[in-house]
Amino acid sequence: MDAKTFDAKSLLDTLFDKSILFKTGVDGLYGRSGVFEDVIERFERLVTSIGAPDKATRIHFPPGMSRATLEGSGYMKSFPQLAGCVHSFMGGEREHAQLLGMMAAGEDWTELQQATNVVLTPAACYPLYPTVAARGPVPDDGVLFELSSYCFRHEPSKDPARMQLFRMREFVRIGTAEQVCAFRESWLERGKAMIESLDLPCEVDLANDPFFGRGGKMMANNQRDEGLKFELLIPVTSIEKPTACLSFNYHRDHFGQTWGLKFADGSLCHSACVGFGLERVALALFRHHGPEVEAWPASVRDTLWGN
Amino acid sequence: MIDRIRALLEQQPMISVDFNTITDDTNLYDAGLTSFATVQVMLALEEEFNIEFPEAMLTRRTFSSLANVADAVSRLTQRAA
Ligand SMILES: [Zn+2]
């Protein structure tokens, strides 16, 4: 493929032209066509079928979660720049008139809103940990969940692979260090094989989260030094800077400590999660196999639509 | 230098390390220093010594003991002088 046209703009323009994505007036928020959704559904089915032998418990949380849970998770220490908190109008009739007046005058009316108890879910696994902790001690062989959620990150961009609202499917393993590391290892292999079965070029590399500020640089360095995060990268909007489409995260006992996730003997649980960026995988498929899904390679079509 | 650093860190409310029990070479992470508290250590040192840690020095090793911290601070203060 021509490196010159292998950029974010050409991909986004093609997807708009072909009515696969629809503009909403905000960068990173797009309507999705039935075809795009069908690709995502088929990919999710593929993920679920590959994970089926592990017998995960499925939970679907909504794209909004408890603000107290987000606060308790430490998210604001690491990623304050990405968080989204839902605000609503809670005034009376007098404030309502004021609000409409400010709106009509083109003034900033949003100050008349107050923070609700809802924040937008930043990653599919955040609502899970306190839910598991509330059930009491974790059984000796650990637990495994399969999650899917729309997620929000405030990072407006014209890169279609960096949406503000996107879906993430995740498997989350909570157990001993050995159990959760074995889980992550198995998905590093299965994830790569899965993406290769879709005839997509990919590589797995050490990675770090986009921690905030200079202190975040230190946290990112630590995360790399300790090999806590790997990503499966596919060129989507750049050849030099491929896009992370799957991520494989070992949290050690961070969430165990944060939420009091313990075994019956009182020892802390470790956790790991494997995330599938659903829009990013769909974009990678459209990028590499073209906008017409009927024209995709037979092997790819068979993997997605074969059963 | 080490005593000044020790006194500075003892005053930080975010750092839950018992400085009475640690030597200059004790591993601060083993003593309970969290990664978020490390950021507070860095900011406090920068203010106290009027220095700025370059990105390359923002590693766990730099802050892993009072001796390592003192070493980093003295290199940066020399550079600034
Ligand atoms: Zn996760």
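Applying the salt bridge (charged side-chain N to carboxylate O under 4.0 Å, His left out) rule to pairs touching residues 62-72 of chain B yields Asp71(B)-Arg75(B), sequence neighbours excluded.
Here the side chains of Phe63(B) and Met218(A) are in contact, with some heavy-atom distance below 4.5 Å.
Annotation for Phe263(A): atom CZ counts as buried by contact number, over 12 foreign heavy atoms lying within 6.0 Å.
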Tabulate, with distances rounded to 0.1 Å, every donor-acceptor pair spanning chain A and chain B at under 3.5 Å.
from: Glu46(B); atom 1: OE1; to: Arg214(A); atom 2: NH2; distance (Å): 2.5
from: Glu46(B); atom 1: OE2; to: Arg214(A); atom 2: NH1; distance (Å): 3.0
from: Glu46(B); atom 1: OE2; to: Arg214(A); atom 2: NH2; distance (Å): 2.8
from: Phe53(B); atom 1: O; to: Arg214(A); atom 2: NH1; distance (Å): 2.9
from: Leu58(B); atom 1: O; to: Asn221(A); atom 2: ND2; distance (Å): 2.7
from: Arg60(B); atom 1: N; to: Asn222(A); atom 2: OD1; distance (Å): 3.1

